[in-house]
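All remarks here apply to the structure that follows.
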Amino acid sequence: MIHAHTREQIKVAVGELLLGVINRYDPQSSDYVLADKKLIGEGRLNPFHQAMLTPNSIRLSRFERSFSTTLGSMFEVTAQLIGQQRFAESLRAHDFKGNISNAAQAGIDGIVDSIRAENFSGRYRDYVDTIVNSFHGDQIPVTVRADLYLRDPEGNELFFEMKAPKPNKDQCLSVTRKFLRFHAMRRSGPPKVRTFYAMSYNPYGTRDRYRWHIARNYLDINQQVLLGDEFWDLIGGSGTYEEVLDLFGEIGRDHDEALLQILD
């Protein structure tokens, strides 16, 4: 359950991000001219868009792209504020500095190269165990950023990468490398240290219907990935996902007039 105070904090923070999108939006920038030298020079000329779509349609499309870019930040700040309710520490976009052994780094490189070449054929937990036990050798300094970090009152840590639900191959490989570095730094695995690729929503509806082939090929869907409600309910308790959806709807209605003005 999202507390009343947290709801107000989220409304303010997400509302400010939404207003930023609205204020940055320039409706004139979407009035394409077929021979506009500026558009040609920037590689933004879209003659077929201009031919088939009305100016209003183009404006709506451009705003939607700008909004989608900012949506990730909205999810992060929302998750960080909800995390403060139940966890001893809740941090957003935080850098962690530490040391890992040369053996662990070599093991991480080998695992990622194997996944790149052969898809994710093993179990993520087995890879974590391998890296956690690679203590020997010289230590090298590393800095790794977590989109969201939570520490519970017992000292257990959760590191999250919050990204879109349809990642590309490089994103999948990068997140596995990052996660294994967290485990190497802490020299611990679950339940003391857990790492998750958090998808804030599931475009396929339910876990059994999730079909994005790249994620299924290059991530361990069952052990690495949290889909939609699984993520929100983990950080905020049962029913949090539906509450977040409701809250975002409320924020949208609060800014409905401003949105209509720029798209009119």
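In what follows, residues are counted from 1 in the order of the sequence shown.
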Handout entry: Interatomic spacing from CD in E250 to NE2 in H255 - rounded to 0.5 Å
Key = 11.0 Å

Exercise for the section: Hey, can you tell me if F160 and F231 have their rings parallel, tilted or perpendicular (30° and 60° cut-offs)? Expected result: perpendicular

Practice task
Decide yes or no on side chain to side chain contact (heavy atoms under 4.5 Å, CB included) for D147 and K163, but give the supporting numbers first.
Solution key: CA-CA 9 Å; D147 289 338; K163 291 295 182 282; 2.7 Å; yes

Handout entry: Stepwise side chain to side chain contact (heavy atoms under 4.5 Å, CB included) check, L19 with R24
Key = CA-CA 8 Å; L19 283 174; R24 289 192 303 270; over 6 Å; no

Practice task
Could you tell me whether the side chain of R92 and the main chain of L81 form a donor-acceptor pair under 3.5 Å?
Solution key: no

Practice task
Please say whether more than 12 non-hydrogen atoms of neighbouring residues, nucleotides or ligands are located less than 6.0 Å from CZ in R209.
Solution key: no

Handout entry: Side-chain heavy-atom pair D95, V144 within 4.5 angstrom cut-off
Key = no

Problem - Short side-chain to backbone donor-acceptor contact, Q224 and D220, under 3.5 Å - result: yes

Exercise for the section: For H3, look at atom NE2 and say whether over 12 heavy atoms of other residues, nucleotides or ligands are found less than 6.0 Å away. Expected result: yes

Problem - Flag for T176-Y218: side-chain donor and acceptor within less than 3.5 Å - result: no

Problem - Note: R194-E157 ion pair, threshold 4.0 Å (strictly below) - result: no

Handout entry: Donor on one side chain, acceptor on other, Q105 and S101, under 3.5 Å
Key = no

Problem - Any donor-acceptor pair under 3.5 Å from R86 side chain to L234 backbone - result: yes

Exercise for the section: Flag the pair E89 / Q84 as yes when at least one side-chain heavy-atom distance between them is below 4.5 Å, and no otherwise. Expected result: no

Problem - OG on S90 to CG on D152, rounded to 0.5 Å - result: 12.0 Å

Practice task
Answer yes or no: does atom CG of D138 have more than 12 heavy-atom neighbours from other residues, nucleotides or ligands under 6.0 Å?
Solution key: no

Problem - Any residue meeting side chain to side chain donor-acceptor pair (under 3.5 Å) with R125, in chain and number order, not counting sequence neighbours - result: none

Exercise for the section: Taking the side chain as every heavy atom from C-beta outward, state whether M1 and E243 have any atom pair closer than 4.5 Å. Expected result: yes

Exercise for the section: Go through the steps for I2 and Q85 under the test side chain to side chain contact (heavy atoms under 4.5 Å, CB included), then give the verdict. Expected result: CA-CA 8 Å; I2 304 177; Q85 296 184 162; 3.9 Å; yes

Problem - Atom CD of E154 with >12 non-hydrogen neighbours under 6.0 angstrom - result: yes

Exercise for the section: Keeping the roles fixed (side chain from E242, backbone from G239), state whether a donor-acceptor pair exists under 3.5 Å. Expected result: no

Handout entry: E118 side chain vs I115 backbone, donor-acceptor pair below 3.5 Å
Key = no

Exercise for the section: Name the orientation class of the two ring planes belonging to Y127 and F120 (parallel below 30°, tilted from 30 to 60°, perpendicular beyond 60°). Expected result: tilted

Exercise for the section: Give, for atom CZ of R116 and atom CG of D109, the distance between the pair rounded to the nearest 0.5 Å. Expected result: 10.0 Å

Exercise for the section: Write down the atom of P165, the atom of P203, and the distance for their closest heavy-atom approach. Expected result: CB-CD, 3.4 Å

Exercise for the section: Indicate whether any N or O donor in one side chain lies under 3.5 Å from an N or O acceptor in the other, for D208 and T206. Expected result: yes

Practice task
Of all the heavy-atom pairs spanning A13 and V77, show the shortest one and how long it is.
Solution key: CB-CG2, 3.9 Å

Handout entry: Cluster check V12, V14: I/L/V/M/F/W/Y, side chain < 4.5 angstrom
Key = no

Exercise for the section: Salt-bridge test for D254 and K11: reply yes if a basic N is under 4.0 Å from a carboxylate O, no otherwise. Expected result: yes

Fill in the blank from the handout: To the nearest 0.5 Å, atom CG of L245 lies from atom OG1 of T240 at 11.5 Å

Handout entry: Distance in Å, L148 CG paired with F87 CZ, rounded so as to fall on 0.5 Å steps
Key = 8.5 Å

Handout entry: same_hphob_cluster(I140, F179) at 4.5 Å side-chain heavy-atom cutoff
Key = yes

Practice task
Would you name the heavy atoms of E230 and V225 that are closest together and state the gap between them?
Solution key: OE1-O, 4.0 Å

Exercise for the section: Working to the nearest 0.5 Å, report the span between CE of M199 and CD of E161. Expected result: 11.0 Å

Exercise for the section: Show your working on side chain to side chain contact (heavy atoms under 4.5 Å, CB included) between F96 and T143 and close with a plain yes or no. Expected result: CA-CA 5 Å; F96 291 84; T143 299; over 6 Å; no

Handout entry: Set of salt bridge (Lys or Arg N to Asp or Glu O under 4.0 Å) partners for D126, sequence neighbours left out
Key = R123

Exercise for the section: Kindly say whether M74 contributes a backbone atom to a donor-acceptor pair with the side chain of T78 at under 3.5 angstrom? Expected result: yes

Completion exercise
Heavy-atom nearest pair, N168 first then I214, reads C-CG2, 3.6 Å

Practice task
Please name the pair of heavy atoms, one in P167 and one in Y197, separated by the smallest distance, quoted to 0.1 Å.
Solution key: CB-OH, 3.2 Å

Handout entry: With Y124, the side-chain hydrogen bond (donor to acceptor under 3.5 Å, both in side chains) member among D129, T195, N222
Key = T195

Exercise for the section: Could you check Y204 against Y210 for ring-ring contact (aromatic ring centres under 6.0 Å, His included), going step by step and ending with a plain yes or no? Expected result: CA-CA 5 Å; Y204 296 87; Y210 183 80; 5.3 Å; yes

Exercise for the section: Give the ring-plane orientation class for F75 versus W232, where under 30° counts as parallel, over 60° as perpendicular and anything between as tilted. Expected result: perpendicular

Exercise for the section: Find out whether F248 and R253 are in side-chain contact, i.e. whether some heavy atom of one side chain is under 4.5 Å from a heavy atom of the other. Expected result: no

Problem - Minimum heavy-atom distance A184-I131, with the two atoms named - result: CB-CG2, 3.6 Å

Handout entry: H183 (side chain) donor-acceptor with V128 (main chain) under 3.5 angstrom
Key = no

